[in-house]
Amino acid sequence: MNKQPKYRQVADALRRDIDNAVYKPGSRLPSENDLSERFNASRNTVRSGLALLVSEGLISSSQGLGYEVRKHEVFELNASRFENLTFPQNGDAYNTDVTAAGRRPTQTFRVEVAPAAEYVAERLKVGRDSKTVLRFCHRFVDDVPWSTQATYYPDWLVKEAPRLAEPGDIEEGTTRYLAAVGVEQIGYFDEIAARMPTPEEARLLDVSAGVPVMLWTRTGYSGTKPIRCTITTFRGDLNRMNYEIGTLSAREGDMQP
């Protein structure tokens, strides 16, 4: 016996239908009346189930037009190649990856001096509230909000690489710029986490309250010390991340009988 509330049963069934392409992206769901008959439920119950799917970002509602399955064109990021200086680039790593996928990148920038929060200070090995330069990017793929990226650079590094504190884009990417001034990133440490968005993140990424975000924190290192801490916040419904580790020649091989 299903002990789930009826509205959740409605939402679960419709979610399975969407996952199985019974209702494809861009298509409309049946009317509330039709769904009431299908699930032997009141319109209020059906409406509550639909509202749950709206909060999860799976469907959208329009006044007088009913409910539509949202289009989700997932972007796949190869995190092990991202910022690899031996990999051919067209501008920075973000522009390169998005363009290579046949999609259109746009972004806005903000540069400011900011005190290091405890989370950042620990990774940069500097005192809490010490001065850092924050380069903040709001990134889009095909005009759809994709991620925000906050990169913190310690004050000592900005003195060696003053363009970090200048407003606007560093066209070749900061990793290449730093290498050009003699501060080469030779390694990084990644941390991946997920949580629900803050109100500000939900606004910037245009996600509903029920859609989680993925946090990717990358701390970059020179041969002697940390040189930056980058926190990228992705909307969880439109992004997938992968890594390539070791020899993967078998991955490209023919299927075995």
Side-chain angles (χ1 to χ4, degrees), residues 1-77 79 98 101-108 137-150 191-217 231-242:
M1 181 177 178
N2 194 333
K3 295 182 179 180
Q4 285 270 68
K6 187 72 172 182
Y7 79 94
R8 286 191 174 274
Q9 295 178 41
V10 171
D12 289 347
L14 292 174
R15 192 185 298 107
R16 285 193 296 271
D17 286 346
I18 293 170
D19 289 343
N20 293 327
V22 175
Y23 303 117
K24 297 180 179 179
S27 67
R28 298 202 179 279
L29 295 182
S31 69
E32 291 180 2
N33 283 336
D34 289 342
L35 292 174
S36 294
E37 290 183 14
R38 171 184 169 183
F39 294 108
N40 191 26
S42 69
R43 286 189 62 179
N44 283 341
T45 297
V46 166
R47 199 171 290 134
S48 294
L50 292 167
L52 183 58
L53 298 183
V54 170
S55 75
E56 295 173 359
L58 289 178
I59 63 175
S60 59
S61 62
S62 300
Q63 188 70 29
L65 296 177
Y67 296 85
E68 181 178 293
V69 180
R70 295 187 66 174
K71 296 179 180 178
H72 287 74
E73 294 187 62
V74 174
F75 184 83
E76 189 159 321
L77 173 72
V98 177
R103 301 176 71 176
R104 185 166 59 85
T106 54
Q107 57 186 328
T108 62
C137 305
H138 188 195
R139 290 175 164 169
F140 301 78
V141 174
D142 298 333
D143 295 325
V144 176
W146 179 57
S147 69
T148 63
Q149 185 181 82
E191 302 165 80
I192 310 294
R195 59 166 169 75
M196 302 312 293
T198 66
E200 176 68 2
E201 289 167 346
R203 183 184 68 81
L204 290 174
L205 297 176
D206 191 26
V207 293
S208 303
V211 177
V213 292
M214 178 171 60
L215 302 178
W216 175 27
T217 301
I231 304 166
T232 306
T233 305
F234 296 102
R235 51 185 293 172
D237 59 339
L238 294 184
N239 289 280
R240 182 183 298 118
M241 183 182 294
N242 61 52

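Computed over heavy atoms, backbone and side chain alike; hydrogens, waters and symmetry mates excluded.
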Non-neighbouring partners of [X] that pass salt bridge (Lys or Arg N to Asp or Glu O under 4.0 Å), sequence neighbours left out:
X    : answer
E201 : R195
D143 : R104
D34  : none
R15  : D12, E56

Not counting sequence neighbours, which residues clear side chain to side chain donor-acceptor pair (under 3.5 Å) with [X]? List them please.
X    : answer
S42  : T45
E37  : none
S147 : none
T233 : none

Could you report the tightest heavy-atom contact between [X] and [Y], atom names first, then the distance?
X    : Y    : answer
G49  : A11  : O-CB, 3.6 Å
R38  : A13  : NH2-CB, 4.2 Å
L204 : H138 : O-NE2, 2.8 Å
L29  : L50  : CD1-CD2, 3.8 Å

Taking side chain as C-beta onward, heavy atoms only, is [X] less than 4.5 Å from [Y]?
X    : Y    : answer
N239 : V74  : no
L65  : R28  : yes
V213 : M196 : no
T106 : D142 : no
V10  : L35  : no
L14  : F39  : yes
M241 : I192 : yes

Residues which pass side chain to side chain contact (heavy atoms under 4.5 Å, CB included) with [X], listed by chain and number, not counting sequence neighbours:
X    : answer
A51  : none
V98  : F75, Y94, R103, P105, V141
S55  : L52
V207 : P197, A202, L205, V211, R235, D237

- prompt: Which class fits the ring pair W146 and F234: parallel under 30°, tilted 30 to 60°, perpendicular over 60°?
  reply: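 W146 vs F234 ring planes: perpendicular.
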- prompt: Given the rule in the side chain to side chain contact (heavy atoms under 4.5 Å, CB included) test, do N33 and R43 qualify, once you have shown the distances and angles that lead to the verdict?
  reply: CA-CA 7 Å; N33 283 336; R43 286 189 62 179; 3.2 Å; yes
field: Q9 side chain to Q4 backbone, donor-acceptor under 3.5 Å
entry: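 Judged by distance alone, yes, a pair lies under 3.5 Å.
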Nearest 0.5 Å, please: how far is [atom2] in [Y] from [atom1] in [X]?
X    : Y    : atom1 : atom2 : value
D17  : D19  : CG    : CG    : 9.0 Å
T232 : M214 : OG1   : CE    : 9.0 Å
T108 : F140 : OG1   : CZ    : 6.0 Å
I59  : L53  : CD1   : CG    : 4.5 Å

task: Would you check, one step at a time, whether the test side chain to side chain contact (heavy atoms under 4.5 Å, CB included) holds for R16 with V22?
output: CA-CA 8 Å; R16 285 193 296 271; V22 175; over 6 Å; no
message: Looking only at the side chains, is there a donor atom on one of E68 and S60 sitting less than 3.5 Å from an acceptor on the other?
response: no
task: Using the side chain to side chain contact (heavy atoms under 4.5 Å, CB included) rule, take Y67 and E32 through it: C-alpha gap first, then chi angles, then the decisive distance, then the call.
output: CA-CA 9 Å; Y67 296 85; E32 291 180 2; 3.5 Å; yes
- request: Report the C-alpha separation of L238 and V144 in whole Å, then their side-chain angles, then the decisive distance to 0.1 Å, and conclude whether the side chain to side chain contact (heavy atoms under 4.5 Å, CB included) test is met.
  value: CA-CA 10 Å; L238 294 184; V144 176; 3.7 Å; yes
